Structure formats: structure tokens, C-alpha cells
Amino acid sequence: MSPLLTGMTLVLCVAMIVAALLAIRDPSPEVAKTDTGGLPIAILAAGLVSLIASILFLILAAPDVAMTEAAIGSGLTTFLFFFVLGRIRRHETSGDNHD
Amino acid sequence: MIDTPLNLLGALLLVAGAAFLLLGGLGLVRMPDLFNRIQAGTKATTLGTLLSLAGVACLQPDWGLKLLLIGLFILFTNPISSQVLARAAHRSGVEKSSLTSIDRLAEDQGAQP
Amino acid sequence: MMPSIAQLAMATGFILILIGFYGALTQRNLLRMIVAFTLSGTGVNIVIVAIGYMHGRTAPILDATVNAADAVSRVIDPVPQALVLTAIVIGLGVTALMLAYALKLHEQRRSLDIAKFTELKW
Amino acid sequence: MVEILVYLAATLVGLALLLALYRFVKGPSAADRVVAFDVLTIVGITGIVLVALAEGRGIYLDVALVYALLSFLGVIVIARYLERGL
Amino acid sequence: MIKRFIALTLLLAIGGLFASLLLGYTPDSELNQTARYYAERTSPDIGAANIVTAIIVTYRGLDTLGEVTVLFLSAAIVGLVLALGGKSGKTGRGTVPVGELLTTGTRYLAPLIMLLGVYVFVNGHLTPGGGFQGGAILASGVLLLLLADPLKRFSHVLIATIESFAGLLYVLIGLFGLVLAGGFLDNRFLPTGELGALFSAGAIPLIYSLIGLKVGAEFASMLASLSESETS
Amino acid sequence: MAKARASVLLFATLLGFWLLLNGSLATDVLVIGVIAALVITLLFRDSLAVVSEFRATPHALITAPSYVFYFLKELVRSNLRLASIVLSPALPLRPGIVKVRTRLKSRMGRLLLANSITLTPGTLTVELDGEWLYVHWVTVESEDVDAATADIVNGFERYLEVMYG
């Protein structure tokens with residue numbers, strides 16, 4: 001069923017490139033006023049790229065890599081980013097009270 | 001693949017599941033606000049995935065146990081994540097569609113913050 | 001002519017590397033730069049795995065469908081996969097370190113904008 | 001016949017993925033994108049199962065299990081972030 | 001603006017390089033010599049069904065030991081950097097309570113997730129799983145517990161003990177291989193067994209389980225130190 | 001006593017999960033499974049109260065399959081209804097969040113109830129607060145608490161009450 005896999009690859013590649021462009025898009029000025037503004041979307045988009053990449057790895061006959069990418073590249077990396085983002089946001093809000 | 005009745009049934013189930021997934025995607029695009037989108041997303045994709053898993057189980061009976069496990073896992077976790085997300089969205093004040101007729105939760109939280 | 005799966009994947013990997021570089025070079029927010037770095041990493045991994053792909057062959061795991069006797073003619077190159085597996089894990093370690101430093105910098109300066117970190121400018 | 005139906009199913013799944021991607025790009029709020037992310041992962045599970053079917057390798061299904069776990073955890077982490085609980 | 005222009009020129013150059021690489025690429029039709037050796041010799045010599053696992057744990061076992069060490073170092077540095085100079089005590093956490101649905105769901109799901117992680121690393125030689133993936137899943141289970149109860153404090157002593165015991169045993173098994181079989185980290189001091197059974201491939205399941213525990217503990221300590229240290 | 005029962009239940013659940021995962025009953029699989037399930041049971045022994053809430057009476061065991069059957073029927077029905085809404089050009093919505101009451105006391109029962117509500121016709125649990133559930137409804141039919149409760153909750157509660165109480 002080679003045409004099936006090729007078609008799926010094509011769709012996944014397009015989705016990955018769109019998500020990657022979303023991840024590095026310049027934030028609009030009013031969003032970028034705070035340090036964390038607009039960042040959740042960028043992180044989520046990067047996580048999405050990893051997620052789709054792991055299906056691509058599966059099509060490329062590399063299930064080990066697919067599983068690692070899903071669990072580590074997409075899962076844990078995104079979680080770490082959000083933990084850090086949460087802590088930075090807490091600094092920001094508490095900093096506003098101090099200054 | 002050979003056209004045995006079981007295979008045919010499996011393929012039909014697979015197509016039905018994929019159709020429900022597409023419906024979920026369509027609902028995600030068409031619905032006017034977040035809560036309605038969550039509704040469309042959760043329900044249609046859960047049933048769609050379950051049906052396509054059942055279809056594949058008919059096509060490849062050896063994989064039945066693992067497919068059953070995936071199905072059970074999705075059936076249990078998907079609603080929980082939707083509910084947690086809906087709660088978070090409501091708390092962070094996502095705007096609701098103008099069609100919304102009543103919001104008892106906001107009323108109750110306004111009364112006793 | 002229809003492009004093969006490997007070529008499609010490789011092209012996507014290259015494009016991802018470029019997108020990631022562009023992001024890392026033009027963004028000013030530290031966290032956004034780290035996001036761009038992870039994108040580049042994903043692109044590199046895709047390229048390496050795609051190089052190892054061979055049309056019409058299957059994953060290097062022996063089971064009922066691929067028995068040990070004809071493994072040589074049925075499976076694809078396992079070496080790039082082992083390499084990428086290691087690379088992904090180390091990538092997480094690197095990302096975690098970068099994030100910890102970014103967090104510490106933000107704690108000291110209350111900012112993530114690299115234009116505000118001027119000590120090392122020349 | 002079976003093969004044609006499988007192709008049809010794969011096309012529908014691809015369309016669903018593109019629709020969810022449209023919602024992911026469009027937004028407007030972060031929570032909307034999270035919903036789209038959730039739908040994308042679940043569509044991805046069906047995609048993985050289809051790849052396993054096309055290649056005829058049952059061991060690929062383990063990846064789908066990890067995916068199911070991931071869609072749950074990811075959404076919960078982001079939801080906790082959005083409600084300022086992280 | 002000029003910065004953007006320079007960046008784009010640079011990218012154009014790299015992109016041209018990539019394009020020439022892509023156009024000149026011709027896929028192999030046969031395995032190269034190394035890959036052919038691994039594909040032929042893995043099942044009679046090592047007894048593992050998953051050739052990638054055989055490469056990671058046995059053929060290139062020393063590299064994996066180094067990799068685990070690098071991970072350990074990075075986890076330690078993350079913990080150290082976050083602990084440096086922070087004023088502890090003040091907690092800004094717990095302002096938003098966790099919903100009942102999530103806590104109840106966690107009680108049920110966390111053990112199952114842990115078991116899934118164990119499955120993934122114990123079956124590393126048969127399925128696409130392995131120690132790193134399984135460790136990540138274990139850490140995800142810990143993360144779920146952290147999310148459901150933000151005030152929970154994990155016992156760092158427990159994590160550190162698991163981590164160092166797993167590392168110690170890993171090296172010890174490597175030495176066993178050196179003494180009883182062909183070399184450091186050789187898996188054949190245990191019987192290789194029948195291809196496809198759980199108890200096969202010599203010491204690979206044992207080694208990969210230890211790697212899984214160690215990696216899981218490392219990731220968990222990373223997550224815990226990021227979520228706990230209440231600085232500023 | 002309750003704790004011991006909970007531990008046994010969790011152990012059995014984990015072992016069942018393990019066997020489903022492996023799909024074989026070979027000796028080595030069983031040995032590893034028993035060891036892993038034991039270790040995890042010991043690790044989680046402090047938070048086990050939830051697990052023991054299932055009433056293993058004969059009546060409950062008979063009710064469980066009919067609950068599953070009813071649930072699947074509702075799931076399909078809800079999807080067909082959602083399909084008709086999404087596919088109709090006018091998008092006939094009347095969304096709103098209503099409040100309903102549940103009689104269930106056990107936490108597991110309430111979780112299952114909320115999950116069931118989320119997966120069935122046009123409703124999504126937003127918040128669970130004691131005996132009150134706040135439910136988002138795509139087409140609000142009754143704003144009154146009792147009427148909404150009768151509409152949304154009672155179908156499932158009938159079964160869950162027997163199983164969990």
C-alpha cells in the first residue's frame with residue numbers, strides 16, 4: 001500500500017511545516033508586552049511538530065524512534081516548557097506587586 | 001487483503017470511524033465558541049477512534065487485545081481531559097458565544113467568590 | 001514522477017532545520033529561541049532517519065512477519081535509528097539545561113529579552 | 001474492495017487532520033488551540049493504527065498507546081497552566 | 001531589519017547546500033556492511049528480536065552508559081542551578097485548587113501509567129519500547145501525581161536512592177559481562193533463550209530495566225526540582 | 001480491612017492490565033507481572049480508598065454490563081445528534097451552562113457519572129462541586145435544576161447507584 005503511505009507523508013509534511021511556521025511567528029506587539037505573552041502557542045506548535053514527526057518516523061519504519069519522540073521529544077519537553085513558563089509568570093505577577 | 005465478510009465489515013467500520021473523525025474536525029471548525037468546540041471534539045473523536053479500532057480489530061483479529069486496551073484507555077481519559085480543559089477555560093474567562101442563554105456556574109461563582 | 005517517502009521526509013527535515021535557524025536568529029525572547037532550537041533538532045532527526053530508509057523494507061524488529069533467516073533482505077538500516085534515539089534523549093537534557101538557565105536569568109533580571117543582557121556585547 | 005475502503009478511510013482521516021490544523025492555526029484563544037491539539041493527537045492515533053495496518057506490523061500499536069497517554073497528560077498540563085495552577 | 005536580511009542570506013546559503021544534498025541523494029538498495037552484520041548476527045549472537053535495542057544495549061553499550069551519565073549530570077545541574085541563591089520558604093502555589101475529577105482520575109490512572117512504563121522497558125528487546133521511553137513514561141506518571149496534588153513533596157531521598165542503585169547495578173552487570181562473557185556489558189552471561197520470549201536475550205531485559213528506572217528517576221528529579229524550588 | 005481489600009483490588013486490576021498488554025499467559029510474563037504489580041501496589045498503598053468503592057455484590061455485577069450497553073447506545077445517539085447539528089447549515093444551537101444535582105456519594109461513582117455525561121447527548125461537565133454538577137448543554141431544553149437533572153443525570157445514576165452508591 002505504498003500510495004497510501006506516500007499520501008499520508010505528504011499531508012503530515014505540510015502539517016509540520018505549517019505548525020513550525022506558527023511556532024516561530026513573530027508575536028504581535030501587544031501580545032509581546034509581557035515575557036510570557038504568546039509563548040504557550042509557540043510551545044504548543046513546537047510540540048505539535050514533534051508529535052507529527054513521530055507519525056512520520058513510524059512511516060519511515062522506525063518505531064523505536066517514533067516512541068521516543070512521542071514520549072520524550074513531544075511529551076516531556078512540552079511539559080518542561082510549561083513548568084518553566086508557569087514559574088516565570090509567577091515571577092512576573094509577584095514582581096508587579098513589588099515594584 | 002481478501003474480501004471475506006469479516007474483512008468487509010471491518011473496512012466499513014473503519015470508514016464509519018474515519019467519517020466521525022472528519023465530523024469532529026468539521027465541528028471544531030464550525031462551532032462558534034470554545035465549549036461547543038470541546039463538545040464536538042470530544043464526542044465525535046472518541047466514537048470515531050473506537051469505531052476505527054474495532055474495524056482494524058476485524059481486519060487483523062490478532063491485534064484485538066491491544067486495540068481493546070487502546071480503546072479503553074481513550075474512553076476513560078478523553079472525557080477527563082476535556083472536563084479539566086473546560087473547567088480551566090471557564091475559570092480563565094474565555095468568552096462565550098452570544099447565543100449562550102444561561103450560565104449558572106458564573107452566577108453561582110459571582111454570588112460567593 | 002512521484003517523490004519517494006524518503007525524499008519527502010528529507011525535504012521536510014531540511015525545511016524544519018532552516019525554519020528553526022531563522023527563528024533562533026531573529027527572535028529576541030530567550031524562550032522563543034529555545035523553542036526554535038528544538039524545532040531544528042527535530043528536523044535533523046528526521047533527516048537522519050530518512051537517510052536510513054529503504055523502499056519496500058520494514059522495521060528492524062524480528063517477529064512473526066519478519067523471521068531471522070531473511071532479515072538481511074527485509075529490514076532497514078538500524079544504525080541511524082539507534083543514533084537518533086540517543087540524540088532525542090540528549091536533546092531533552094540540553095533543553096532542560098537551557099530552560100534552567102533562562103529561568104535563572106529571568107529571576108535575576110526580570111526579563112527574557114536578549115537585548116537587555118549586555119555584559120557580553122562587544 | 002477492502003483496499004478501496006481503507007484508502008477512503010485514510011483520506012477522511014487526512015481531511016480531519018487538516019481541519020483540526022486549520023483550527024489550530026486560526027485560534028483565536030490559546031484554549032481553542034489546545035482543543036485542536038487534543039483532536040490532532042486522537043486523529044494521530046487512528047493514523048498510527050492505519051500505518052500499522054498498511055505495513056502489517058502489530059508491534060507498531062505500542063506507539064499508539066503512548067500517544068493516548070500523551071494526549072491526556074498534555075491537555076491536563078496546559079489546562080493547569082491556563083487556570084494559573086502551575 | 002538588517003539583522004533579518006543577514007539571517008535570510010545565511011539561510012539561503014545553507015538552503016542551497018541542503019538542496020544540492022537532496023538532489024544528489026540516491027537511496028541504497030542494499031544494506032551497507034555494518035548494518036548487514038547487525039541484521040545477520042543479532043538474533044544468533046544476542047538473541048534480541050529488536051535490532052535497535054541490541055545495538056544500543058550491547059554493541060554500543062558503553063555509549064549508552066555515557067549517555068545515561070550525561071543525563072544524570074544535566075539533571076543534577078538543573079537541580080543545582082535552580083537551588084542556587086533562591087530564597088526559599090515563600091510559596092506562591094496552591095492558589096487554584098485542583099478539581100475533584102482530576103484527583104479521582106489520577107488515583108486510578110497513575111498506577112496504570114506506571115505499569116505501562118514497566119511494560120515498555122521490560123519488553124525493550126521485543127517491542128519498539130526500551131529503557132528511555134519507559135523511563136519517560138514513569139516520569140510522566142510522577143508528573144501526573146505532581147499536577148493532581150501541587151503541594152505534594154516527593155521524597156528526593158527515594159528518587160536519588162533508586163537512581164544510584166540502578167546506576168550501580170548497571171555497572172555491576174557490565175563487570176559481570178567482562179568476567180563471565182566476552183567483554184564489558186556483554187549480555188551473554190545469562191542464557192540467550194528462545195527468540196521472542198520475555199526471558200531471552202541474556203541480560204538485555206535486566207539492563208534495559210535498570211536504564212529505565214535510572215532515566216525515570218532522573219527525569220522525575222528534573223520535573224520535581226522545576227516545580228518545587230520556591231525561589232523569589 | 002478496607003485497605004487490604006483495596007490493595008487486592010488494585011493488584012488484580014494491574015495484573016489484568018498487564019496481561020492485556022502482553023497478550024500471553026507464559027510463565028515469565030506472569031512472574032514479571034506479579035512482581036511489577038506488587039511493587040506498584042506497595043508504592044500507591046496510601047491513596048487506595050477510591051479503588052475499593054466498587055460494590056462487588058451480585059446485583060452490581062449484573063448491572064455493570066447493562067450500564068456499559070446503555071452507555072454505548074447513548075454514545076452513538078449523541079454522535080448522531082451532534083452530526084445533525086454540525087451538518088445543518090443553520091447550526092441550530094442554544095448553548096448554556098445548567099446546574100444539576102447528583103445523589104451519588106462515592107468519588108469514583110461521581111467521576112464515572114461526569115465522564116458518562118460528557119460523552120453523551122450534547123452535554124459536557126464543566127465543574128463538579130460536591131453534589132452539584134455544572135453542565136454545558138449545546139441545546140438547553142430546561143433551565144430548572146430538577147428538570148435538567150431528570151433529563152441529564154437520572155439515566156446513568158440508576159445504574160451507577162447500584163454499582164457505587
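Predicted, not measured: the structure shown is a model, and the values here were computed from it. In the text below, chain A, chain B and the rest are named by the order of the sequence lines, each starting its count at 1. Basis for what follows: all heavy atoms, side chains included, without hydrogens, waters or symmetry-related copies.
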Q. Between I43(A) and chain D, which part of the residue has a heavy atom less than 4.5 Å away: side chain, backbone, both or neither?
A. neither
Q. If every non-hydrogen atom of S50(A) is compared with every non-hydrogen atom of G73(A), which pair is closest and at what distance?
A. OG-O, 3.7 Å
Q) Just how far is it from atom CE of M67(A) to atom CD1 of I59(D), taken to the nearest 0.5 Å? A) 10.0 Å
(Q) On a heavy-atom basis, which atom in I59(A) and which in M8(A) lie closest, and how many Å separate them? (A) CD1-CB, 4.1 Å
Q. Which region of V25(D), side chain (C-beta onward) or backbone (N, CA, C, O), has a non-hydrogen atom less than 4.5 Å from a non-hydrogen atom of chain A, or is it both or neither?
A. both
Q. Does NZ or CZ of R89(A) lie under 6.0 Å from the centre of the six-membered ring of Y81(D), at an angle within 45° of the ring axis?
A. yes
Q.
Report which part of I48(D) has an atom under 4.5 Å of a heavy atom belonging to chain A: side chain, backbone, both, or neither.
A. both
Q. Which atoms of L17(D) come close to chain A, meaning under 4.5 Å heavy atom to heavy atom: side chain ones, backbone ones, both, or neither?
A. side chain
Q) Given the options V11(A), L51(A), L12(A), which has more heavy-atom pairs under 4.5 Å with chain D than any of the others? A) L51(A)
Q. Once you round to the nearest 0.5 Å, how far does CG of L44(A) lie from CZ of F82(A)?
A. 5.5 Å
**Q.** CG on L65(D) to OH on Y67(D), rounded to 0.5 Å
**A.** 13.5 Å
Q: Measure distances from V34(D) to the heavy atoms of chain A and classify the residue's part below 4.5 Å as side chain, backbone, both or neither.
A: both
Q: Would you name the heavy atoms of S54(A) and A66(A) that are closest together and state the gap between them?
A: O-CB, 3.3 Å
Q | Options V63(D), L50(D), T11(D), ranked by heavy-atom pairs under 4.5 Å with chain A, top entry | A | V63(D)
Q. For the candidates L21(A), L48(A), L22(A), which exhibits the highest count of non-hydrogen atom pairs separated by less than 4.5 Å from chain D?
A. L48(A)
Q. With a 4.5 angstrom heavy-atom cut-off, which part of T41(D) approaches chain A: side chain, backbone, both or neither?
A. both
Q) In terms of heavy-atom proximity below 4.5 Å to chain D, should P63(A) be classed as side chain, backbone, both, or neither? A) both
